[in-house]
There are 2 protein chains.
Amino acid sequence: MYAQQIANIELPTQSAVHLDGALAQPVSFFPAGTEIYAQGEKAGPLYQVEFGAVRVYRLLADGRRQISAFHMAGETFGFEADATHHFFAEAINATGIRVVRIAAVADMSRQLLPLALKGLIRAQEHLLVLGRQNAIERVAAFLVDMTERQGGLRQVELPMSRLDIGDYLGLTIETVSRVFTRLKDKGVIRLLGLRSIEILKQDVLLDMGE
Amino acid sequence: MYAQQIANIELPTQSAVHLDGALAQPVSFFPAGTEIYAQGEKAGPLYQVEFGAVRVYRLLADGRRQISAFHMAGETFGFEADATHHFFAEAINATGIRVVRIAAVADMSRQLLPLALKGLIRAQEHLLVLGRQNAIERVAAFLVDMTERQGGLRQVELPMSRLDIGDYLGLTIETVSRVFTRLKDKGVIRLLGLRSIEILKQDVLLDMGE
DNA sequence: CGTTCAGTTGAACGATGTCAAGGAGGGTGG
DNA sequence: CCACCCTCCTTGACATCGTTCAACTGAACG
């Protein structure tokens with residue numbers, strides 16, 4: 001429904017492996033919308049985003065989708081508590097992924113723990129957004145997060161669609177769109193393109209998102 | 001506002017320390033409503049629940065509260081990505097906590113990683129509940145979770161108030177109450193006491209909580 | 001036996017979802 | 001290079017669910 005199954009191509013690469021002790025791996029290329037792993041599949045390796053963006057999500061039986069996290073260049077994902085994936089992961093757009101096959105995760109736990117903890121904190125903070133913030137606060141928090149992850153520039157590039165944003169923030173696509181319009185009308189942001197946003201009033205955005 | 005600052009009493013104890021390599025610690029007693037740690041405090045030790053129950057939460061400036069997790073006997077909490085607590089932790093009712101002071105967290109990462117990953121999965125699954133489920137589904141998911149954590153018995157003891165449940169599920173206390181009534185009227189549950197529930201139709205509850 | 005606090009219930013409101021139509025941008029083929 | 005198409009996005013009207021505000025109930029405790 002959301003994923004396309006397309007064989008991915010391995011690219012030669014020269015960039016360094018970040019995890020010591022792991023098997024060095026080339027970068028795999030995933031076209032937009034392709035599946036990286038699926039719920040129920042056997043887990044094991046970790047995944048490092050070289051370029052592009054990834055969405056990690058779960059589905060309810062009736063098709064409702066919750067994106068639990070977006071992963072951008074430099075980030076590592078794919079952690080599981082047992083040997084099975086509990087989520088789906090897909091490339092949002094053309095994405096390069098380094099698959100890190102780890103001989104024994106336990107042996108590398110020293111390096112892995114900080115990454116897992118970062119993911120934990122992120123997820124718990126997102127719980128506050130989903131549980132207690134209204135639509136405009138959610139979008140503001142999202143935009144603040146995206147700007148921070150892009151180095152705090154005034155201009156933000158959103159790699160994902162409105163649908164993805166909605167499924168991440170627990171909103172419908174229509175509500176996301178209306179909030180964008182409201183922020184635009186208030187002069188808080190300016191839409192340079194559909195997926196390119198300029199922050200005009202960072203302070204306002206900051207204390208909207210809490 | 002939510003926490004009372006009451007000095008806690010150390011209890012002698014004979015039960016085993018679960019984490020090898022950590023300093024053995026006695027069990028501290030926290031009366032109902034007392035703070036275990038606060039947001040902004042220096043983090044470091046981990047906490048193991050011996051008996052009782054704990055809520056971990058964040059607050060918004062205007063007092064809105066999101067409980068990110070409940071911790072029951074046997075569970076470990078207090079993980080942080082950096083040296084600072086990003087959340088508050090309080091005893092829900094009379095609770096025994098073993099404070100595990102770890103010389104170097106990195107040295108114990110082999111044991112810690114599985115615990116952190118379990119917390120991560122739990123948080124991510126809760127995101128689905130908060131982002132995409134309606135009131136009755138949220139309460140159903142909560143009840144299923146509580147029964148599973150109490151060994152799958154038909155009778156569930158809820159250590160927390162309706163307010164806590166609401167703040168965990170992103171609902172108001174009134175909505176939680178109304179959903180309980182609806183489940184009771186449907187014959188899915190029976191209220192033995194305010195905080196004691198009998199599950200009459202586990203199957204119905206299960207596929208409500210999806 | 002009264003007081004208090006947690007929980008329940010009701011009525012009205014409001015935010016967000018749903019359904020439907022219209023618009024804009026990007027890609028493709030003529 | 002233009003026209004068309006398809007997808008994504010926006011906007012509007014209305015429905016719905018959950019919140020808010022308020023009153024009431026009941027259990028626990030002195």
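Chain letters run A, B, ... following the sequence lines, proteins first and then strands; every chain starts at 1.
- Dashed line: the shortest gap from a side-chain N or O of A:Arg195 to OP1 or OP2 of D:dC9 is under 4.0 Å.
- Sorted by residue number, the members of residues 180-192 of chain A with any non-hydrogen atom under 4.0 Å from DNA chain D read A:Thr181.
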Write down the protein N/O and nucleotide N/O pairs, taken from nucleotides 18-20 of chain C, whose separation is under 3.5 Å; answer none if there are no such pairs.
from	atom 1	to	atom 2	distance (Å)
C:dT18	O4	A:Arg178	NH2	2.8
C:dC19	N4	A:Glu174	OE2	3.0

Extract from the structure each pairing of a protein N or O with an N or O of nucleotides 21-24 of chain C at less than 3.5 Å, listing the distance.
none

Any chance you could list the contact pattern along nucleotides 24-30 of chain D? Use B for base contacts, S for sugar-phosphate-only contacts and - for none, protein heavy atoms under 4.0 Å, 5' to 3'. -------

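- Nucleic acid contact for A:Gly170: sugar-phosphate only, since backbone atoms but no base atoms lie under 4.0 Å from a heavy atom of the residue.
- Using a 4.0 Å heavy-atom cutoff across all strands shown, A:Ser177 reaches at least one base atom of the nucleic acid.
- B:Tyr37 and B:Tyr47 have tilted rings, their planes meeting at an angle from 30° to 60° on a 0 to 90° scale.
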Sub-3.5 Å pairs of nitrogen or oxygen atoms, protein against nucleotides 4-7 of chain D:
none

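- Under the 6.0 Å cut-off for aromatic ring centres, A:Tyr168 and A:Phe70 qualify, their centroids lying closer than that.
- Residues forming a side chain to side chain contact (heavy atoms under 4.5 Å, CB included) with B:Thr181 (at least two apart in sequence, or on another chain): B:Asp185.
- Among the candidates B:Lys118, B:Arg149, B:Gln48, the single residue satisfying the side-chain hydrogen bond (donor to acceptor under 3.5 Å, both in side chains) test with B:Glu75 is B:Arg149.
- One side chain, A:His85 or A:Glu80, offers a donor N or O that lies under 3.5 Å from an acceptor on the other.
- Contact between A:Thr175 and A:Ala135 at its shortest, heavy atoms only, is CG2-CB, 3.7 Å.
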